Novice: 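Please read through the structure below; I'll follow up with questions.
Hydrogens, waters and symmetry mates are skipped; everything else that's a heavy atom, side chains included, is used. Keep in mind it's a predicted model, so treat the numbers as computed, not measured. Numbers for residues simply follow the sequence, beginning at 1.
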Amino acid sequence: MKTIGIIGGGQLGMFLAIAAYEMGYETIVYDCKEDCCAKNIASKFVLGSFDDEQKLESFAKECDVITYEFENINSDLVKKLSLKYPIVQTEKPLVLSSSRLNERKMANKLNINQPKWQFIESKEDIKNIEITYPYLLKSDSLGYDGKGQYMINCESDLDKVVFDNVVYLAEKKIDFDYELSIIACRSINDEIIIYEPFVNDHHKGILNITLIQQAIKPEILKQANQAIEKIMADENIYGILCCEFFIKDNKIYFNEMAPRPHNSGHITMDTHYISQYENHLRAILGLPLGTTKIKCSGFMVNVLGQDVDKTKEFVQKHGSVCKYYDYHKEAKYNRKVGHLIVFDDDYLKYFKETWK
């Protein structure tokens with residue numbers, strides 16, 4: 001029986017471990033937190049720093065194939081380990097996706113349309129900014145779920161920006177029509193599949209609701225699919241890749257990418273025959289990739305720490321049309337602690353109006 005190593009034990013690692021178990025594989029999860037989500041799901045758990053080369057190497061020796069569930073890992077260490085151990089994704093996707101600047105340079109190189117941007121290394125650079133109001137300042141790294149982001153509508157908004165030891169990208173704000181997630185998967189045998197697009201609804205920078213969207217205009221879908229295939233081919237990316245695009249006037253604008261299972265793809269666990277998690281594992285194991293066909297309709301709602309009580313109340317009242325996933329995390333404000341899949345679209349209006 002093969003053993004799959006997973007670096008990172010958050011909810012994505014937990015769902016990978018569940019998928020691996022269902023496929024008949026053992027898993028070893030490596031994480032720096034004793035109480036991580038995946039600990040009780042994995043066949044074995046290793047506690048250690050993501051910078052501990054000796055402990056990571058000891059972990060790697062026990063694995064037949066290794067993957068990771070988030071971007072902010074020591075890419076230099078992953079590069080070193082991938083020379084000796086089966087980390088088929090290598091460190092390259094980590095280098096790209098852990099830096100907004102690297103992502104922007106990649107999109108430029110591949111001629112993928114994106115918002116106008118400018119690199120801001122210090123507060124002095126703002127004086128020479130070429131982007132007009134309104135624009136966003138986004139920290140180059142560790143900026144997720146709205147963290148490290150500032151909306152700049154006028155000069156006085158800059159007073160709230162923290163510049164100490166932080167570099168930013170200034171990005172022209174686009175009043176986009178909607179945002180798409182495109183999730184693709186490439187196996188080590190170079191087979192590629194792409195899921196139907198998902199439309200994301202955010203609130204205060206955090207993904208709120210994900211919908212399966214089959215009515216996307218063909219010209220938009222063609223642009224998005226070509227872009228993600230171009231990225232996978234040029235950057236030699238294996239496994240799951242999610243790219244987010246803003247859509248404005250039938251044109252795509254690249255936003256960001258994630259070279260691992262994605263929050264918006266949780267929905268595939270229930271609405272699709274083969275989830276993003278199983279297809280990711282099939283890809284790195286060299287197995288044939290599974291179908292991306294949809295088996296039922298539904299939408300996903302992220303459950304934040306402040307949403308737990310009302311989620312339980314909804315499940316109590318409407319349990320026949322929904323399914324709740326608990327990440328077993330402490331319920332903190334704006335922290336993702338679970339997600340809800342709702343199989344009746346009639347409830348969508350309720351969530352859009354009240355789930356904020």
Novice: Over 60° means perpendicular and under 30° means parallel, so tell me whether F198 and H272 are parallel, tilted or perpendicular.
Specialist: perpendicular

Novice: Take atom NZ of K222 as the centre, draw a 6.0 Å sphere, and report whether it contains more than 12 heavy atoms from other residues, nucleotides or ligands.
Specialist: no

Novice: When clusters are formed by joining ILVMFWY residues with side-chain heavy atoms under 4.5 Å apart, either directly or through shared neighbours, do I252 and I174 land in the same one?
Specialist: no

Novice: How many angstroms lie between atom CG of N208 and atom CG of N302, to the nearest 0.5 angstrom?
Specialist: 7.5 Å

Novice: Say whether, by atom type as modelled, one donor and one acceptor occur between the side chain of K173 and the main chain of I152 under 3.5 angstrom.
Specialist: no

Novice: Are more than 12 heavy atoms from other residues, nucleotides or ligands located less than 6.0 Å from atom NZ of K79?
Specialist: no

Novice: Taking only Lys NZ, Arg NE, NH1 and NH2, and the carboxylate oxygens of Asp or Glu, determine whether K116 and E171 approach each other closer than 4.0 Å.
Specialist: no

Novice: Please find the pair of heavy atoms, one from C36 and one from G9, that lie closest to each other, and give the distance.
Specialist: CB-O, 3.4 Å

Novice: So do F343 and D270 actually touch side chain to side chain, heavy atoms under 4.5 Å?
Specialist: yes

Novice: So does V321 get a backbone contact from the side chain of D344, meaning a donor-acceptor N/O pair under 3.5 Å?
Specialist: no

Novice: Examine H339 together with Y327 and report whether their ring centres are nearer than 6.0 Å.
Specialist: yes

Novice: Look at atom CG of D309 and say whether more than 12 heavy atoms of other residues, nucleotides or ligands are closer to it than 6.0 Å.
Specialist: no

Novice: Main chain of F245, side chain of Q114: is a donor-acceptor contact present, judged purely on distance under 3.5 Å?
Specialist: no

Novice: I112 versus I231: any side-chain heavy-atom pair under 4.5 Å?
Specialist: yes

Novice: If you define the side chain from C-beta out and look only at heavy atoms, does anything of C32 sit under 4.5 Å from S49?
Specialist: no

Novice: Answer yes when E256 and R100 have at least one side-chain N-carboxylate O distance shorter than 4.0 Å, and no when they do not.
Specialist: yes

Novice: Any chance you could measure L340, atom CG, to Y347, atom OH, to the nearest 0.5 Å?
Specialist: 11.5 Å

Novice: Do side-chain atoms of D52 reach the backbone of G48 as a donor and acceptor pair under 3.5 angstrom?
Specialist: no

Novice: Distance from L207 atom CG to N200 atom CG, nearest 0.5 Å?
Specialist: 5.0 Å

Novice: Side-chain contact test, heavy atoms from C-beta onward, threshold under 4.5 Å: evaluate it for Y85 versus C63 and give yes or no.
Specialist: no

Novice: Determine whether the aromatic ring centres of Y325 and F15 lie less than 6.0 Å apart.
Specialist: yes

Novice: Using a strict threshold of under 4.0 Å (side-chain N to carboxylate O), is an ion pair present between R186 and E191?
Specialist: no

Novice: Compare all side-chain heavy atoms of I240 with those of H262 and state whether any distance is below 4.5 angstrom.
Specialist: no

Novice: Tell me, yes or no, whether the heavy-atom count around K160 atom NZ, taken from other residues, nucleotides or ligands under 6.0 Å, exceeds 12.
Specialist: yes

Novice: Is the shortest heavy-atom distance from the side chain of L348 to the side chain of I209 under 4.5 Å?
Specialist: yes

Novice: Same cluster or not: are I73 and L16 linked, directly or through other Ile, Leu, Val, Met, Phe, Trp or Tyr residues, by side-chain heavy atoms under 4.5 angstrom apart?
Specialist: no

Novice: Can we call the ring centroids of F176 and F246 under 6.0 Å apart?
Specialist: yes

Novice: So that I know where these two stand, are F70 and Y68 an aromatic pair - ring centroids less than 6.0 Å apart?
Specialist: no

Novice: Determine whether L281 and I18 fall in the same hydrophobic cluster, where Ile, Leu, Val, Met, Phe, Trp and Tyr are linked whenever their side-chain heavy atoms lie under 4.5 Å apart.
Specialist: yes

Novice: Is T311 reaching over with its side chain to a backbone N or O of D307, donor-acceptor style, under 3.5 angstrom?
Specialist: yes

Novice: Could you tell me whether the side chain of L136 reaches within less than 4.5 Å of the side chain of Y150, counting heavy atoms only?
Specialist: no

Novice: Any donor and acceptor pair, going by atom type alone, linking the side chain of Q306 with main-chain N or O of N334 inside 3.5 Å?
Specialist: yes

Novice: Are Y30 and F45 close enough that their ring centres sit under 6.0 Å apart?
Specialist: no

Novice: Do K44 and E62 have side chains that approach each other closer than 4.5 Å (heavy atoms only, starting at C-beta)?
Specialist: yes

Novice: Indicate whether the side chain of Q89 and that of T67 have a donor and an acceptor atom separated by less than 3.5 Å.
Specialist: yes

Novice: If we ignore hydrogens and angles and just use 3.5 Å, is the side chain of D234 paired with the main-chain N or O of K230 as donor and acceptor?
Specialist: no

Novice: Any chain of hydrophobic side-chain contacts (each under 4.5 Å) joining I6 to L285?
Specialist: yes

Novice: Should the pair Y277 and H266 be assigned to parallel (<30°), tilted (30 to 60°) or perpendicular (>60°) ring geometry?
Specialist: parallel

Novice: Looking at E244 and F254, would you say the former's side chain and the latter's main chain have a donor-acceptor pair under 3.5 Å?
Specialist: no

Novice: Please determine if D76 and K80 form a salt bridge, counting it only when a charged side-chain N lies under 4.0 Å from a carboxylate O.
Specialist: no

Novice: Going through the distances and angles, do K2 and E26 end up as a salt bridge (Lys or Arg N to Asp or Glu O under 4.0 Å)?
Specialist: CA-CA 6 Å; K2 284 190 175 183; E26 300 278 350; over 6 Å; no

Novice: Under the ring-ring contact (aromatic ring centres under 6.0 Å, His included) test against Y168, which residue among F119, F163, Y135, W117 passes?
Specialist: F163

Novice: Which residue in the set I183, L241, L221, N225 passes side chain to side chain contact (heavy atoms under 4.5 Å, CB included) when paired with I194?
Specialist: N225

Novice: Is the distance between the ring centroids of Y238 and H280 less than 6.0 Å?
Specialist: no

Novice: Same cluster or not: are I66 and L12 linked, directly or through other Ile, Leu, Val, Met, Phe, Trp or Tyr residues, by side-chain heavy atoms under 4.5 angstrom apart?
Specialist: no

Novice: For the side chain of S99 and the backbone of L96, is there at least one donor-acceptor N/O pair under 3.5 Å apart?
Specialist: no

Novice: Look at atom CG of D159 and say whether more than 12 heavy atoms of other residues, nucleotides or ligands are closer to it than 6.0 Å.
Specialist: yes

Novice: Is atom NZ of K109 surrounded by more than 12 heavy atoms (other residues, nucleotides or ligands) closer than 6.0 Å?
Specialist: yes

Novice: For atom NZ of K329, decide whether the heavy atoms of other residues, nucleotides or ligands shown that lie under 6.0 angstrom number more than 12.
Specialist: yes

Novice: Just checking Y21: does its OH atom have more than 12 heavy atoms from other residues, nucleotides or ligands closer to it than 6.0 angstrom?
Specialist: no

Novice: Please check: side-chain N/O of E91 versus main-chain N/O of S75, any donor-acceptor pairing under 3.5 Å?
Specialist: no

Novice: Does the side chain of D64 pick up a donor-acceptor pair with the side chain of Y25 at under 3.5 Å?
Specialist: no

